[in-house]
Undergrad: 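Before we start, here is the structure in question, set down as structure tokens.
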Amino acid sequence: MPEQTFRLNGRQVTVDIEDEVRLLWVLRDVLGVTGPKYGCGINVCKACTSHLNGRAVNPCAIPVGELEPTDEVTTIEGLPATVGAELHPMQQAWLDHDVAQCGYCQPGQIMAAVALVRSVAEEGRDITEADLDGIRNICRCGTYVRIRAAIKDGATRM
């Protein structure tokens, strides 16, 4: 079986698995990282949203064989380490705004929000309602109003 090597939450990992296996299954079933959730498996619901080299991606749509040894995958478990804290500022905003109900989609929501805020900051501007409209993560509980408030608050903390 081929070896796949990449960085996960700051550490190098190598797994023996076929190239076409989706990264989500490698994370969850092989490496035991359960923050990225399985929702649809077809890159629609975005419950699995994680970061690949700092950008939001959906591991359910990425064959692990496409990763390079230098590629950095960050999941919700590794997000606090990116700021050297117990919680990332966006996670704290989520708590402060009491966003989660069932909580299933929240790791993906937070990862999408962090990537969006970073992207907007790189452009040297503040987050807009249009930016928030561009987030397509599905929340079955419908906490979108609180999600938007938390993203705006988290953006000020990042």
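All heavy atoms count here, side chains included; hydrogens, waters and symmetry mates do not. Please read these numbers as outputs of a predicted model, since none were measured by experiment. Starting from 1, each residue takes its place in the sequence as its number.
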Undergrad: For residues Q12 and T5, report the shortest heavy-atom separation together with the two atoms involved.
TA: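 Minimum heavy-atom contact is NE2-CG2, 3.0 Å.
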Undergrad: Given the rule in the side-chain contact (heavy atoms from CB on, under 4.5 Å) test, do M111 and C48 qualify, once you have shown the distances and angles that lead to the verdict?
TA: CA-CA 9 Å; M111 296 303 284; C48 64; over 6 Å; no
Undergrad: Between L52 and I76, is there a shared hydrophobic cluster once you connect ILVMFWY residues whose side-chain heavy atoms come closer than 4.5 Å?
TA: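 L52 does not cluster with I76.
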Undergrad: Taking the side chain as every heavy atom from C-beta outward, state whether W25 and L31 have any pair of such atoms under 4.5 Å apart.
TA: no
Undergrad: Would V73 and V57 satisfy side-chain contact (heavy atoms from CB on, under 4.5 Å), going step by step from the backbone distance to the final call?
TA: CA-CA 9 Å; V73 175; V57 297; over 6 Å; no
Undergrad: Are I110 and V33 connected in the hydrophobic side-chain network, where two residues link if heavy atoms are under 4.5 Å apart?
TA: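 No, no single cluster joins them.
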Undergrad: For the residue pair R140 and Y104, would you count it as a cation-pi contact if the rule is NZ or CZ under 6.0 angstrom from the ring centre and within 45 degrees of the ring axis?
TA: yes
Undergrad: Should R148 and D133 be marked as a side-chain contact (heavy atoms from CB on, under 4.5 Å) after you check the CA-CA gap, both sets of side-chain angles, and the distance that decides it?
TA: CA-CA 9 Å; R148 291 171 81 98; D133 289 345; 3.0 Å; yes
Undergrad: Once rounded to the nearest 0.5 Å, what's the spacing between atom NE2 of H97 and atom CD of Q92?
TA: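 If I round to the nearest 0.5 Å, the distance is 10.0 Å.
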Undergrad: Do K37 and R28 have side chains that approach each other closer than 4.5 Å (heavy atoms only, starting at C-beta)?
TA: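 Contact flag for K37/R28 side chains = yes.
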Undergrad: Any side-chain heavy atom of L23 sitting closer than 4.5 Å to one from F6?
TA: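 Touching, per the 4.5 Å side-chain cut-off.
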Undergrad: Flag yes if more than 12 heavy atoms outside E122 fall under 6.0 Å of its CD atom; otherwise flag no.
TA: yes
Undergrad: Is it the case that atom CG in D29 sees more than 12 heavy atoms from other parts of the structure closer than 6.0 Å?
TA: yes
Undergrad: When rounded to the nearest 0.5 angstrom, what is the spacing between NE2 in H88 and CE in M90?
TA: 7.0 Å
Undergrad: Please assess V99 against Y144 for the test side-chain contact (heavy atoms from CB on, under 4.5 Å), listing each intermediate value before the final yes or no.
TA: CA-CA 8 Å; V99 172; Y144 297 110; over 6 Å; no
Undergrad: If you take all heavy atoms of E18 and V64, which pair is closest and at what distance?
TA: O-CG1, 3.5 Å
Undergrad: Rounded at 0.5 Å granularity, tell me how far CG in N58 sits from CZ in R22.
TA: 11.5 Å
Undergrad: Determine the minimum heavy-atom distance between R136 and K46, stating which atoms define it.
TA: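 Shortest heavy-atom separation between R136 and K46 comes out as O-CG, 4.0 Å.
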Undergrad: Please tell me whether T74 and N9 have a donor and an acceptor in their side chains that are separated by less than 3.5 angstrom.
TA: no
Undergrad: Does a side-chain heavy-atom distance below 4.5 Å link M158 with V83?
TA: no
Undergrad: May I ask you to check whether E77 and T75 show a side-chain donor-acceptor distance below 3.5 Å?
TA: yes
Undergrad: Can you name the nearest heavy-atom pair linking D126 to D131, along with the distance?
TA: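 For D126 and D131, the tightest heavy-atom pair comes out as O-OD2, 4.0 Å.
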Undergrad: What distance do T143 atom OG1 and D98 atom CG have between them, rounded to the nearest 0.5 Å?
TA: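 Reported to 0.5 Å precision, the distance equals 9.5 Å.
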Undergrad: Determine whether Y38 and I138 fall in the same hydrophobic cluster, where Ile, Leu, Val, Met, Phe, Trp and Tyr are linked whenever their side-chain heavy atoms lie under 4.5 Å apart.
TA: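 No, Y38 and I138 fall in different hydrophobic clusters.
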Undergrad: Testing T14, V13, D19 one by one against Q4 for a side-chain contact (heavy atoms from CB on, under 4.5 Å), which residue passes?
TA: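 Only one option passes, and that is D19.
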Undergrad: Between E72 (side chain only) and G10 (backbone N and O only), is there a donor and an acceptor less than 3.5 Å apart?
TA: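 At least one qualifying donor-acceptor pair exists.
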Undergrad: Where the side chain of N43 meets the backbone of A61, is there a donor-acceptor pair that is under 3.5 Å apart?
TA: no
Undergrad: Just wondering, do V120 and T128 contact through their side chains at under 4.5 Å, heavy atoms?
TA: no
Undergrad: Say you draw a straight line from CE of M1 to CD1 of I17; how long is it, rounded to the nearest 0.5 Å?
TA: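 Output value for this atom pair is 7.0 Å.
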Undergrad: To check you understand the geometry: which heavy-atom pair defines the closest contact between P80 and Q91, and what is its length?
TA: CG-OE1, 3.3 Å
Undergrad: For a quick test of reading the model, state the closest non-hydrogen atom pair linking C40 to C45 and the distance between them.
TA: SG-N, 3.3 Å
Undergrad: What I'd like to find out is whether the side chain of R146 reaches to under 4.5 Å of the side chain of Q101, using heavy atoms alone.
TA: yes
Undergrad: When clusters are formed by joining ILVMFWY residues with side-chain heavy atoms under 4.5 Å apart, either directly or through shared neighbours, do I147 and V114 land in the same one?
TA: yes
